[in-house]
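In what follows, chains carry the letters A, B, and so on, assigned in the order in which the sequence lines appear, proteins first and then strands, with residues in each chain numbered from 1.
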Amino acid sequence: MKRQIKRSVLVVLLVGAIGFVANAAVDTSAVIEQMSNISALAVQAKSELSQAAKGNDFQAILTAQLHVQGTEAALKDAKTAFASFNGAKTEKEKKAAMKKIKAAYSGALKALRKSAPKLAPKSGKTGSAYVPNVTDSLWKSESARRVANDRFDINYVAGGGTFGDRDATPE
Amino acid sequence: MNRQGYLKLIVGFSLMLSGVVRAGSPNEKLQLKANQSIKVAEEVVVSVRKRLDASKKLLNQISPQSSEYKQLESVTAQAKKSWQESLATLNRAKKFAGRISSVSKKLAKDFTLLTITSAGIATANAKTVEMCLDYVEASAKKNKKGVVIIKKVIADSLQDIADAKTNYEQAKKLIVKGKSK
């Protein structure tokens, strides 16, 4: 009777171990597959950006840039994790690296679902969305802006000059 | 064997079965993914072929004497070369997919992996061809801002494809290792 119990316990341990071993080891092929997936997603995001840039759609460019930034960050994390996976000596280290690569892949997918906030006119105002004016940010002073906008005549009068003075000879 | 013994034996077999099922299931998932990857890569390659033809027509509209012509011609040639590469990769992926059924389970998993990797490269490569064509179209429209952005993303994505190819080579090595076992 005791022998039978021992035998059955042994069988339990053996078959259980077979099942466990079949799943336990970290699969290198799965890691490579995830890396390949992340690279493909990064190229996909860049392709989206080039499409938006070609169309000159400001809103689409902003969203595509957000996608590119997200996938790039995920790819960077995945590369770091992949390097540590290759250098890992224990199964625990490999599992930790694999977890990071999986997280990076999820992060890339999440980034592709994001969209940039819409550039809408402020409440109560109508017209097209605000598009930053490069001249405004480069030329801070009022007179500099006037010069930049080719309004020399107004600027000249504001500075105290009168028309005709410009042509007068010094003597 | 008494009742307890039978019970333990049943539990043991259940554990083994769950192990086998769990080990087999990712393989099926990979095969499904491989088929999906090939389908996506096929669609991308077909659409790229259409755009490549459209791009040739566009190139014909630009004067061969203009300074842009030579640059655009070289970009189109680069796009064509990449398209041929992605087509070859796609065919390789299909070939691997066909061999999956004829190899052992362990190898089948690796072949599926290689199929996915190849299809991934085919898709990424074809996407880069699209970027080259975007560049040609933006140049033709004199969209300077677009040209600057596209030029940068082409350079970056070529690096991504190079990385994907490195992974592909590693996957191939893994299969050779699996065969020698």
Quick one: are [X] and [Y] in side-chain contact, heavy atoms under 4.5 Å?
X	Y	answer
A:V43	B:T123	no
A:Q34	B:N167	no
A:Q44	B:V40	no

### Task
Using atom types as modelled and distance alone, determine if a side-chain donor or acceptor of B:N143 lies under 3.5 Å from a backbone N or O of A:A53.
yes

## Note on the structure
In terms of heavy-atom contacts, B:V153 and A:K46 come closest through O-CD, 3.7 Å

### Non-hydrogen atoms of A:S50 and B:M131 that approach each other most closely
OG-CG, 3.3 Å

Which value, rounded to the nearest 0.5 Å, describes the distance between [X] atom [atom1] and [Y] atom [atom2]?
X	Y	atom1	atom2	value
B:E169	A:I32	CD	CD1	11.0 Å
B:Q159	A:L75	CD	CG	9.5 Å
A:L49	B:D134	CG	CG	10.0 Å
A:L41	B:D160	CG	CG	10.5 Å

Test of understanding: clusters of I, L, V, M, F, W, Y form through side-chain heavy atoms closer than 4.5 Å, transitively. Do [X] and [Y] belong to the same one?
X	Y	answer
A:L66	A:F58	no
B:V45	B:Y168	no
B:I161	B:I38	no
B:L158	B:L52	no
B:V75	B:V129	no

### Between B:L133, B:I149, B:I121, the one whose heavy-atom pairs under 4.5 Å with chain A are most numerous
B:I149

### Task
Give the C-alpha distance, both sets of side-chain angles, the deciding distance and a yes or no for side-chain contact (heavy atoms from CB on, under 4.5 Å) between A:V68 and B:K152.
CA-CA 12 Å; A:V68 169; B:K152 193 186 176 300; over 6 Å; no

### Query
So what's closer than 4.5 Å to chain A heavy atoms on B:K127: side chain, backbone, both or neither?
both

### Task
Could you tell me which portion of B:K165 (side chain, backbone, both or neither) has an atom closer than 4.5 angstrom to a non-hydrogen atom of chain A?
neither

### Task
Between chain B and each of A:Q51, A:M35, A:E48, A:Q65, count heavy-atom pairs under 4.5 Å; write down the option with the most.
A:Q51

### Summary
One option among A:S47, A:A40, A:S36 has the most heavy-atom pairs under 4.5 Å with chain B, and it is A:S47

### Summary
Okay, A:E72 and chain B: the region with an atom under 4.5 Å from a heavy atom over there is side chain

### Task
In sequence, state the C-alpha distance, the side-chain angles, and the governing distance for B:Q170 and A:N86, and then conclude on side-chain contact (heavy atoms from CB on, under 4.5 Å).
CA-CA 11 Å; B:Q170 199 167 349; A:N86 283 330; 3.6 Å; yes

